[in-house]
K.L.:
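Pasting in a structure now, in structure tokens, and then I'll have a few things to ask.
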Amino acid sequence: MNLLLIAISVGLGVCVVLLLVLLAVLVKRSGKRADARVTDVVRILETRMDELGQELAGAVERAEEEGRRSRFLGEIAGSIDLDEVLARTLEAATGALPNIDASVVRLENQEDGPTVAAHGLSADGAEAVTGPPDGSRARAIEVSYHYADDAEDPGRQIHGGLAVPLEESGGRIGYLSVYTRAGDRRFDQEDVRRLEELSLRAGPAIENARRFREARQLADLDALTGLHNRRYFHETLARECARAHRYSRRLGLMVFDIDDFKDVNDRIGHLAGDAVLAEAAVRVREVVRSADIPCRVGGDEFAVVLPEAGIEQADQLFARIQNAISGKPIGQAGRLKVSAGVAELHAEDDSISFFERADEALYRAKEAGKGRSMSAEQKTG
């Protein structure tokens with residue numbers, strides 16, 4: 001592409017030089033014939049220079065587009081964060097083809113269901129184009145959408161889409177789709193080729209990032225309970241504290257443990273005691289909010305980070321956890337109760353002081369008789 005730009009520029013320069021030389025020669029001649037020749041030469045050279053100028057502009061545009069595509073492809077392969085790889089893939093897909101308004105990636109074979117990411121559309125409810133209904137392997141899938149005459153906001157409607165498989169090591173991991181709101185947009189083989197080129201780069205990068213995330217998630221989990229572990233808890237609490245301070249948001253914290261768990265271990269043994277902790281964790285997961293972050297911080301001590309919440313929500317969560325734990329026997333341990341300390345983030349708190357205040361409240365709840373919660377602001381009487 002650079003050679004083409006140089007060649008066109010040289011061509012323009014040569015034309016200018018020829019024009020000047022011819023004008024110099026013809027000016028020396030007199031008469032109407034010389035004037036006519038000058039006029040003809042100027043007209044021809046002007047036409048040729050216009051053509052060369054258009055070619056140069058087109059070459060520059062193609063070079064810029066190729067540069068953008070190369071940059072996007074390099075950025076996709078240069079990250080190991082799944083969200084970042086998906087975002088860059090979607091941005092590249094939207095810019096890779098003309099008149100594209102949105103793009104969607106759908107990753108299949110996920111334990112929690114398909115992962116869907118979108119650009120130009122809300123990811124909530126976004127549906128990617130998928131393969132033929134009989135399971136055949138298609139190189140690309142083109143779709144068109146038709147709406148009722150009285151459909152609302154026709155200018156925002158998607159009229160067509162093109163999808164290609166995302167593959168890694170010969171296996172399909174999902175689909176990459178692009179969409180247009182232009183009613184007359186049709187996809188051709190060049191569109192398919194460009195989207196395939198992007199898919200070939202994006203597929204391995206997405207799979208690598210997905211495997212990295214899975215490995216990181218396993219490293220963040222407590223092996224016994226399946227809850228987040230102590231390291232993840234402290235990292236998350238620090239991050240949530242910083243976010244709450246920055247945006248003036250509320251943040252709640254509950255620290256709790258199982259009452260008299262040492263006696264349980266002494267009575268039924270440590271292996272059975274581990275089973276009790278695992279079952280307790282299952283019950284905790286069933287009652288926390290989707291935004292809450294339950295963790296095991298050590299032994300039989302647990303913690304839940306409550307974003308966008310305060311003491312009231314922490315107290316409500318404690319009541320749900322208490323009912324879940326004590327509502328029915330847990331294995332050989334029978335019916336158990338928990339004690340908790342709850343706290344809300346203060347302006348002067350960092351993550352350490354915040355945790356210490358909730359932890360101290362837990363010990364005061366123990367001293368007050370167990371089976372209850374106590375706020376960090378509450379004093380024993």
Side-chain angles (χ1 to χ4, degrees), residues 111-113 214-237 252-306 309 311-343 355-376 378 380:
E111 291 184 2
D112 299 328
E214 291 174 352
R216 178 61 189 267
Q217 287 174 340
L218 288 175
D220 290 338
L221 294 180
D222 174 63
L224 175 62
T225 63
L227 300 179
H228 293 296
N229 57 27
R230 182 183 184 89
R231 179 184 59 79
Y232 183 88
F233 165 72
H234 286 291
E235 290 178 354
T236 301
L237 186 62
L253 178 63
M254 180 173 65
V255 180
F256 68 98
D257 67 9
I258 299 174
D259 291 333
D260 302 314
F261 188 70
K262 182 178 183 303
D263 294 340
V264 171
N265 270 337
D266 292 342
R267 177 162 50 89
I268 65 176
H270 288 278
L271 287 178
D274 286 348
V276 170
L277 292 176
E279 175 60 24
V282 170
R283 299 186 186 187
V284 168
R285 280 197 298 269
E286 291 174 348
V287 298
V288 296
R289 304 175 307 167
S290 59
D292 296 337
I293 306 164
C295 306
R296 182 189 181 198
V297 295
D300 65 320
E301 187 171 347
F302 301 84
V304 183
V305 182
L306 296 91
I311 293 292
E312 302 87 354
Q313 291 77 20
D315 282 336
Q316 293 168 6
L317 176 58
F318 170 74
R320 295 198 301 272
I321 290 177
Q322 186 74 280
N323 290 335
I325 298 294
S326 63
K328 58 182 179 179
I330 300 182
Q332 302 176 46
R335 293 181 183 273
L336 301 172
K337 290 187 177 183
V338 300
S339 296
V342 298
F355 173 72
E356 288 176 345
R357 289 198 300 112
D359 202 40
E360 289 170 1
L362 166 62
Y363 283 100
R364 287 193 281 110
K366 293 284 192 182
E367 293 172 353
K370 303 179 182 178
R372 66 185 67 191
S373 71
M374 184 165 288
S375 166
Q378 182 180 353
T380 55

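All values derive from a computational prediction rather than experimental measurement.
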K.L.:
Answer yes or no: is there a side-chain heavy-atom contact under 4.5 Å between R231 and D220?
P.N.:
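Answer yes - side chains close enough.
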K.L.:
Just verifying a value: how many Å separate F302 CZ and D222 CG, rounded to the nearest 0.5 Å?
P.N.:
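Spacing of CZ (F302) from CG (D222) equals 8.0 Å.
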K.L.:
Of all the heavy-atom pairs spanning V288 and P294, show the shortest one and how long it is.
P.N.:
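The pair with the smallest heavy-atom distance is CG2-CG, 4.4 Å.
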K.L.:
Please round to the nearest 0.5 Å and tell me the distance separating atom CD of E367 and atom CE of M374.
P.N.:
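Going from the CD atom of E367 to the CE atom of M374 covers 9.0 Å.
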K.L.:
Return yes if some donor-acceptor pair links the side-chain N/O of Q322 with the main-chain N/O of V338 below 3.5 Å, else return no.
P.N.:
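Present.
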K.L.:
Are the side chains of D359 and E301 in touch, meaning some heavy atoms are under 4.5 Å apart?
P.N.:
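SC-SC contact between D359 and E301 confirmed.
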K.L.:
Could you measure the distance from the CG atom of D274 to the CD atom of E279? Nearest 0.5 Å is fine.
P.N.:
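Going from CG on D274 over to CD on E279, the span is 13.5 Å.
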K.L.:
Check the orientation of H234 and F355. Use parallel for under 30°, tilted for 30 to 60°, and perpendicular for over 60°.
P.N.:
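If you compare the ring of H234 with that of F355, the planes turn out perpendicular.
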K.L.:
Hey, what do you get for NE2 (H270) to CD1 (I268), rounding to the nearest 0.5 Å?
P.N.:
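Interatomic distance, H270 NE2 to I268 CD1, rounded to 0.5 Å: 10.0 Å.
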K.L.:
Rounded to the nearest 0.5 Å, what separates atom CG in D257 from atom CG in L362?
P.N.:
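Spacing of CG (D257) from CG (L362) equals 5.0 Å.
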K.L.:
Do you know the tightest heavy-atom contact between F256 and A303?
P.N.:
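Result for this residue pair: CE2-N, 4.4 Å.
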K.L.:
Begin from the C-alpha positions of E360 and R364 and carry the test salt bridge (charged side-chain N to carboxylate O under 4.0 Å, His left out) through to its verdict.
P.N.:
CA-CA 6 Å; E360 289 170 1; R364 287 193 281 110; over 6 Å; no
K.L.:
What are the two closest non-hydrogen atoms of A333 and V276, and how far apart are they?
P.N.:
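Taking every non-hydrogen atom into account, CB-CG2, 3.7 Å.
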K.L.:
Indicate the atoms forming the closest heavy-atom contact of G226 with L221, along with that distance.
P.N.:
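Closest approach of G226 to L221, heavy atoms only: O-CD2, 3.5 Å.
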K.L.:
Quick one: closest heavy-atom pair of G299 and L277, and the distance?
P.N.:
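Looks like O-CD1, 3.8 Å.
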K.L.:
Within the structure provided, determine whether R296 and L224 are in side-chain contact (heavy-atom separation under 4.5 Å).
P.N.:
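With C-beta onward as the side chain, the pair touches.
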K.L.:
So, R267 and D263, do they make that salt bridge, N to O below 4.0 Å?
P.N.:
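So R267 does not pair with D263 through a salt bridge.
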K.L.:
How far does CG of L237 sit from OH of Y232, to the nearest 0.5 angstrom?
P.N.:
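Nearest 0.5 Å value for the CG-OH distance: 11.5 Å.
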K.L.:
Quick check: closest heavy atoms across A340 and A365, and the distance to 0.1 Å?
P.N.:
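In this case the closest contact between A340 and A365 is O-CB, 3.6 Å.
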K.L.:
Could I get the full list of side chain to side chain donor-acceptor pair (under 3.5 Å) partners for D259, not counting sequence neighbours?
P.N.:
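Side chain to side chain donor-acceptor pair (under 3.5 Å) list for D259, sorted by chain: S339, K366.
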